[in-house]
Visitor: 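Quick one: the structure is below, and I'll ask about it shortly.
Residue numbers start from 1 in every chain, and the chains themselves are labelled A, B, ... in the order their sequence lines are given, proteins ahead of strands. Because only heavy atoms are used, hydrogens play no part in the values below, and waters and symmetry mates are left out as well, while side chains stay in.
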Amino acid sequence: MNQTSPATKDSFLNRLLGRIPLSGWLALAAPVVAILFAGIVTAIVLAVTGNPPLETIGIMVEYGTQPRTMVLTLNLATLYYIAALAVALGFRMNLFNIGVDGQYRLAAIMAAALGGSGLNLPGWLMIILIIVTAAVTGAVWAAIAGLLKAYRGVSEVVSTIMLNYIGTSVVAYLLVNVFGVAVAGSNNIGTAPIPEDARVPGVAFIPGTEAKVFGLIFLAIALGIGFHVLLNKTRFGFDLRTTGLNQEAAVASGVNVKRMVVTAMVLSGGVAGLIGMPQLLGASYSYSLDFPSGIGFTGIAIALLGRNNPIGIAFGAILWGFLDSSSNILNLHDISPEIVQIMQGIIVLSVVVAYELAHRYRISAEQRRVSRELAAPVKEGASA
Amino acid sequence: MRSITRLLAVAALMTAAACGSSDSGGSSNSGGGGATGGSSSMKVGLAYDIGGRGDQSFNDSAAAGLDKAKKDFGLAETRELEAASGETDAQKEERLRLLADAGYDPIIAVGFAYATSLKKVAGEFPDVNFAIVDDASVTASNISNLVFADEQGSFLVGAAAGLKTTKNNVGFVGGVQVPLIKKFEVGYAQGVKHVKPDTKVQTKYLTQPPDFSGFADPAKGKTAAEGMYDAGADIVYQAAGGSGAGVFEAAKAANAWAIGVDSDQALTASADVRDRILTSMVKKVDVAVYDFIGSNVNGKVQTGTVMYDLAKNGVDYATTGGHVDDIKAQLDELKQQIIDGEIKVAAS
């Protein structure tokens with residue numbers, strides 16, 4: 001098995017979360033099979049619902065490759081990418097942080113409130129303060145679940161789901177009663193807008209359109225690199241992966257598991273807090289009723305899709321963003337936009353199934369190889 | 001993953017959710033309109049908020065107005081796009097832009113959430129006429145803001161509740177705690193107190209944003225209303241979209257009164273609870289949509305704020321069932337006083 005990762009239980013969960021890598025041609029075959037399988041099932045669904053499959057995909061691709069749509073896709077992917085990283089951080093250590101959604105919404109409103117508070121600071125300092133506030137808020141909210149797990153044995157799945165509910169109420173209270181500023185004639189309510197010099201300008205990445213990519217896409221990229229370095233190049237990352245894979249072994253090698261649980265949740269929550277930042281500092285400039293919600297849950301699907309790997313997640317996030325932004329064009333062509341959600345579900349399922357099949361094949365191939373070696377005459381191996 | 005429930009729930013984001021009934025409002029008071037008849041080369045685009053057509057609510061009401069306009073004016077083509085839950089403003093913007101790009105004119109954005117995105121797209125397409133329902137904050141020379149005096153209609157049903165209550169105790173169930181629904185609550189409470197100042201008004205919101213399930217959860221509505229009836233209320237007004245069905249059930253079980261919202265729910269609610277609906281606060285989104293399309297057909301578009309209030313018959317109370325016949329004279333007098341400005345109804 002693989003050399004860099006600590007001793008691994010070959011369980012379904014470890015395979016599902018991508019903690020056991022595939023090697024050689026299997027690593028290539030699994031995603032190809034997944035894409036083919038997803039394509040076939042999607043085509044069947046389209047045909048059954050009375051839409052010509054090839055034409056439909058053609059419409060999506062044609063629309064998706066227009067410059068403006070590519071910008072839209074990248075911007076959505078930026079949010080999804082950070083969300084999936086936050087989820088993946090927990091996954092790698094066997095923590096299911098379902099509370100990413102609540103963490104980022106609470107973080108977004110606190111950051112937005114600070115941004116709109118009228119503090120007389122230079123723009124760049126304000127931006128840093130806003131981002132730090134978001135990360136700290138997300139981290140603190142997630143730390144509650146981490147502490148409960150470490151010191152009271154409360155399952156983080158249960159506590160984070162409950163914290164989502166509490167977070168929703170807190171955000172609603174803050175929005176309506178504390179930070180909310182009503183605009184004349186509007187039925188919306190939001191925090192005071194962030195001043196212009198504290199906004200992050202977009203980048204004209206893609207030629208042929210005036211639309212701009214979120215400037216904070218670079219934050220997302222940096223987080224992805226940081227994720228890789230932290231997990232694979234540091235002692236902390238090694239301990240984290242070890243704890244995730246085999247807790248007994250981790251304890252035996254001197255890892256303080258309780259501290260690891262809290263730290264991992266804090267890191268996951270801190271990243272979760274940043275999810276809303278590209279949107280807040282690059283487009284909305286205020287947390288209001290129409291601030292996007294549910295991205296934390298999308299992040300779970302994308303983390304699974306990307307096998308908890310920063311590169312895989314990037315592909316997953318872009319694919320997801322592309323599908324989401326193409327729902328409008330399908331709708332315009334009289335194709336139900338819900339087909340997009342069906343496609344997203346099929347793709348995640350296909351990836352899970354394809355990788356599981358590849359692992360099953362790997363296991364049986366290993367068993368065949370071992371039994372072949374055992375059956376073979378001993379001297380053959382020795383003489384070589 | 002996003003749950004279907006949430007999808008349905010958010011449906012009513014902007015609304016108190018008019019049930020899309022084919023109520024007679026459309027034809028009775030739309031004025032002008034159908035005169036042109038015949039066919040038209042007009043292509044009308046409609047962008048819904050989450051839920052789209054079939055939400056039994058606000059979007060359906062807009063759809064009813066569109067359907068009627070299509071029939072009466074012989075529109076060449078209509079196109080309806082719907083929103084996804086939790087989406088960003090950029091996606092809303094793109095929806096409006098796609099419609100404008102494809103030659104749809106006029107384009108109607110249903111719900112205040114479109115305000116920010118409409119501002120941008122209206123600027124990019126100065127020759128296209130846009131309308132937005134429930135928002136007056138975004139203004140341009142090619143935007144009509146179709147807004148409703150929800151508080152005035154709520155005042156009247158509040159007055160009806162105040163006149164009818166025998167326990168001096170009434171309730172209000174709001175779907176989601178957003179400023180829009182607050183208008184219903186405030187107007188209602190003012191109406192109750194206007195006719196019977198010592199009446200107690202119980203208030204309950206089912207959920208808080210961004211959890212919009214309060215507009216689509218009859219069980220929550222039922223529990224809230226049961227609590228109010230148990231605590232001594234004999235009339236409960238609901239501005240809770242799909243959750244209102246639960247309020248009606250609770251009224252039936254308690255043999256008490258409920259007040260409907262958005263459409264004349266004594267005609268649209270499930271048959272077994274209709275006799276417990278005292279009256280309804282009718283909000284004519286369908287009329288607003290129909291009138292706006294009609295004004296485009298006639299070439300006389302009114303941009304800026306178009307207020308659908310009591311004077312314009314854009315909101316009203318319903319008389320179906322005859323339960324308010326005995327106080328109709330008083331209600332109509334109050335209505336006239338509001339129209340004349342003698343009574344000022346607060347909105348927040």
Visitor: Tell me whether A/Met60 at atom CE has more than 12 heavy atoms from other residues, nucleotides or ligands lying less than 6.0 Å away.
Guide: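 Correct, the count exceeds 12.
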
Visitor: Between A/Asn188, A/Ile189, A/Ile329, which residue shows the highest count of heavy-atom pairs closer than 4.5 Å to chain B?
Guide: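 Looking at each of A/Asn188, A/Ile189, A/Ile329 in turn, A/Asn188 comes out on top.
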
Visitor: What closest approach, in Å, do B/Asp89 and A/Gln279 show between heavy atoms, and which atom pair accounts for it?
Guide: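 Closest approach of B/Asp89 to A/Gln279, heavy atoms only: N-NE2, 4.5 Å.
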
Visitor: If you measure from OG on A/Ser288 to CZ on B/Phe112, what distance do you get to the nearest 0.5 Å?
Guide: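 CZ of B/Phe112 is found 8.5 Å from OG of A/Ser288.
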
Visitor: Provide the closest heavy-atom pair for B/Arg79 versus A/His333 in the form atom of the first, atom of the second, distance.
Guide: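 Residues B/Arg79 and A/His333, closest heavy atoms: NH1-C, 4.4 Å.
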
Visitor: Hey, which of A/Ile295, A/Asp324, A/Leu79 is the one that makes side chain to side chain contact (heavy atoms under 4.5 Å, CB included) with B/Thr88?
Guide: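 When A/Ile295, A/Asp324, A/Leu79 are each tested with B/Thr88, the side chain to side chain contact (heavy atoms under 4.5 Å, CB included) holds only for A/Leu79.
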
Visitor: Decide if atom CD of B/Glu77 counts as having more than 12 heavy atoms of other residues, nucleotides or ligands within a radius under 6.0 Å.
Guide: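 Atom CD in B/Glu77 is packed in, count exceeds 12.
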
Visitor: Considering only NZ, NE, NH1 and NH2 on the basic side and carboxylate oxygens on the acidic side, decide whether B/Lys92 and A/Asp290 come within less than 4.0 Å.
Guide: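 Salt bridge between B/Lys92 and A/Asp290, a charged N being under 4.0 Å from a carboxylate O: no.
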
Visitor: I'd like to know which of A/Val171, A/Leu76, A/Leu175, A/Asn75 tops the heavy-atom pair count under 4.5 Å against chain B.
Guide: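 Most heavy-atom pairs under 4.5 Å with chain B: A/Leu76.
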
Visitor: Is A/Lys212 atom NZ crowded by more than 12 heavy atoms from other residues, nucleotides or ligands, each under 6.0 Å away?
Guide: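 No - once you tally the heavy atoms of other residues, nucleotides and ligands closer than 6.0 Å, there are 12 at most.
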
Visitor: Among B/Gln177, B/Arg97, B/Glu93, which has the most heavy-atom pairs under 4.5 Å with chain A?
Guide: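 The answer is B/Arg97.
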
Visitor: Quick one: does A/Pro337's side chain get under 4.5 Å of B/Glu82's, heavy atoms only?
Guide: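 Touching, per the 4.5 Å side-chain cut-off.
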
Visitor: Within the supplied structure, the quantity of interest is the number of heavy atoms (other residues, nucleotides, ligands) at a distance under 6.0 Å from B/Met307 CE; does it exceed 12?
Guide: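 Buried by this count: over 12 neighbours within 6.0 Å.
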
Visitor: What are the two closest heavy atoms between B/Pro209 and A/Ala172, and how far apart are they?
Guide: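 What the structure gives for the nearest pair is O-CB, 3.4 Å.
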
Visitor: Can a side-chain donor-acceptor contact be found between A/Tyr63 and B/Glu94 if the only test is distance below 3.5 angstrom?
Guide: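 Side-chain D/A pair, B/Glu94 to A/Tyr63: present.
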
Visitor: Please tell me if the side chains of A/Leu289 and B/Val178 come closer than 4.5 Å, counting only heavy atoms from C-beta onward.
Guide: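 A side-chain contact exists here, since the closest heavy-atom pair is under 4.5 Å.
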
Visitor: Is the closest side-chain heavy-atom distance between B/Lys183 and A/Asn187 below 4.5 Å?
Guide: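 SC-SC contact between B/Lys183 and A/Asn187 confirmed.
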
Visitor: Look at atom CD of B/Glu124 and say whether more than 12 heavy atoms of other residues, nucleotides or ligands are closer to it than 6.0 Å.
Guide: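 Yes, because the 6.0 Å sphere around CD of B/Glu124 holds more than 12 heavy atoms from other groups.
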
Visitor: With a 4.5 angstrom heavy-atom cut-off, is it the side chain or the backbone of A/Ser327 that approaches chain B, or both, or neither?
Guide: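 Contact with chain B involves no heavy atom of A/Ser327 at all.
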
Visitor: Closest heavy-atom contact between B/Leu99 and A/Leu332?
Guide: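 Closest approach of B/Leu99 to A/Leu332, heavy atoms only: CD2-CD1, 3.9 Å.
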
Visitor: Is there a side-chain contact between B/Thr116 and A/Tyr285 in this structure, where contact means two heavy atoms from C-beta onward sitting under 4.5 Å apart?
Guide: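 No - every pair of side-chain heavy atoms lies 4.5 Å or more apart.
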
Visitor: Given a strict heavy-atom distance threshold of 4.5 Å, which part of B/Arg95 is in contact with chain A: side chain, backbone, both, or neither?
Guide: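 Answer is both: backbone and side chain atoms of B/Arg95 are under 4.5 Å from chain A.
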
Visitor: Who are the salt bridge (charged side-chain N to carboxylate O under 4.0 Å, His left out) partners of B/Asp67, not counting sequence neighbours?
Guide: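 Expected list: B/Arg53.
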
Visitor: Name the member of A/Val176, A/Asp334, A/Val71, A/Thr69 that forms the most heavy-atom pairs with chain B at distances under 4.5 Å.
Guide: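 Answer, by heavy-atom pair count under 4.5 Å with chain B: A/Asp334.
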
Visitor: If you count every heavy atom of other residues, nucleotides or ligands that lies below 6.0 Å from B/Lys204 atom NZ, does the total exceed 12?
Guide: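 For B/Lys204, atom NZ is not crowded (no more than 12 foreign heavy atoms under 6.0 Å).
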
Visitor: Just jot down the side chain to side chain contact (heavy atoms under 4.5 Å, CB included) partners of B/Ala131, sequence neighbours excluded, or say none.
Guide: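 Side chain to side chain contact (heavy atoms under 4.5 Å, CB included) list for B/Ala131, sorted by chain: B/Ile108, B/Ser144, B/Leu146, B/Phe292.
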
Visitor: What part of B/Ala90 gets closer than 4.5 Å to chain A, counting heavy atoms only: side chain, backbone, both or neither?
Guide: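 Both backbone and side chain.
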
